[in-house]
Structure formats: structure tokens, C-alpha cells
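As C-alpha cells, the structure follows; a few thoughts come after it.
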Amino acid sequence: MPSPSYWLVKSEPDCYSIDDLARDGETYWSGVRNYQARNSMRDGMQPGDGVLFYHSSTEPMGIVGLATVSRAAYPDHTALDPDDDHYDPRHTPDTPVWMMVDIRFDRKLDPPITLAELRSNPALTDMVVLRRGNRLSVTPVTPEEWRTVVAMRP
DNA sequence: GCCAACGTTGGC
DNA sequence: GCCAACGTTGGC
């Protein structure tokens, strides 16, 4: 049994917020249309892995909650629907291109850990999500970074 | 609204 | 296969 890995997922709260996840309890993380992010889900994310839930393009930006991967990667059905914004004609049931995982709500962080607070913590300077210009919606988090973040809102 | 940092597209 | 143009993301 490999030890759990840790991840950060970004979402614009207008699209899907931590309160939506708290309400739903569990959701499928669909709509990722970036190969590197897909590969993280397909090749990395396993049930039990820890997830930092991040709100982007809002005020305040930052980590707003914790979740757990509850199902390993499987085909993203939203890519099959021509009426869906994330439709991709290359994606078929027999040859899926895009994948998603399920995540389960754990808890909210109160108050959220703002982007400024993350940037001011020396232990987090190498965090992938803080890298200048980063646009990945799913990024890996090291065990040290996970411990540091969780310790900020025990 | 601006712009940096990419990823994607398409002409050649 | 190269690379310029274009589109998107997302912080500021």
C-alpha cells in the first residue's frame, strides 16, 4: 500500500465552491481539459489522498477547505455531451481522452488561508500552485507542504 | 482591464 | 517539425 499523496485543486467559486462541496458531500471533479492536470488525476490520485481546495479569481483567493479523493480516475462523461461546455468530439466511450476523480468533503478552513498568507510562509515557497504564471487546476502537494498548510488551521 | 505564462492551432 | 498567432487562465 503506497502512502497517501496530496493534491491541490483549483475552482472558481462561481463555478463550484467549497460550500457546494460541503452541501453535496461528494462530487465528481469533471471538466479538467489540460493534459498535465489529467495525468495527475489518472496516474497519481488514489482514494484516501488528501486534497486542498482552492478558490481562484475571487476575493479572497486561497485555500478554503480540505477534501479526500474517494474514487480513482475514470472517464469524464461531460466530454461526451455536445451541449456541455467541456464537450470534446475526440472523447468516446471506447477511447476516453479526459478523466475525472471523485472527492469527498472533509472540512472548511475558517478563515480561509489567503494567497498572501501562503506566499508569506517560507515553508511553502516551492509550492507548485504558487509558482508564477501557474495555470494548472490540479497540482501535487508535498507531505511537508500538506502538514504546513493543515497546521495553519488545526 | 492588463498582462504574463503558457497550451493549442494551423500554415508552411 | 517549426513557429507565429491566437486563446485561456488567473493574479494583480
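Worth saying up front: this structure is predicted, and the values here are computed from it rather than measured. Chain letters run A, B, ... following the sequence lines, proteins first and then strands; every chain starts at 1. Reckoned from all heavy atoms, side chains included, excluding hydrogens, waters and symmetry mates.
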Without decimals, in angstroms, what is the distance between [X] [atom1] and [N] [atom2]?
X	N	atom1	atom2	value
Arg33(A)	dG10(C)	CZ	C1'	19 Å
Arg135(A)	dC6(B)	CZ	C1'	4 Å
Tyr35(A)	dG7(B)	OH	C1'	11 Å
Asn39(A)	dG7(B)	CG	P	12 Å
Leu118(A)	dG10(C)	CG	P	16 Å
Asp85(A)	dG7(C)	CG	P	17 Å
His55(A)	dG10(C)	NE2	P	13 Å
Leu115(A)	dT9(C)	CG	P	18 Å

Does the side chain of Tyr74(A) pick up a donor-acceptor pair with the side chain of Asp102(A) at under 3.5 Å?
yes
Of all the choices, dG10(C), dG11(C), dG7(B), which nucleotide is nearest to the side chain of Asn34(A) once you look at every atom?
dG7(B)
Taking the basic N atoms (NZ, or NE/NH1/NH2) and the acidic carboxylate oxygens, is any pair closer than 4.0 Å for Arg90(A) and Asp88(A)?
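Answer for the salt bridge query: yes.
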Please tell me if [X] has a side-chain N or O lying less than 4.0 Å from either OP1 or OP2 of [N].
X	N	value
Arg131(A)	dA4(B)	no
Tyr54(A)	dG11(C)	yes
Lys10(A)	dT9(C)	no

Would the number of heavy atoms belonging to other residues, nucleotides or ligands and lying under 6.0 Å from OH of Tyr16(A) be above 12?
yes
Shortest non-hydrogen separation from Gln46(A) to Ala72(A) and the atoms involved
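Where Gln46(A) meets Ala72(A) most closely, the heavy atoms are OE1-CB, 4.2 Å.
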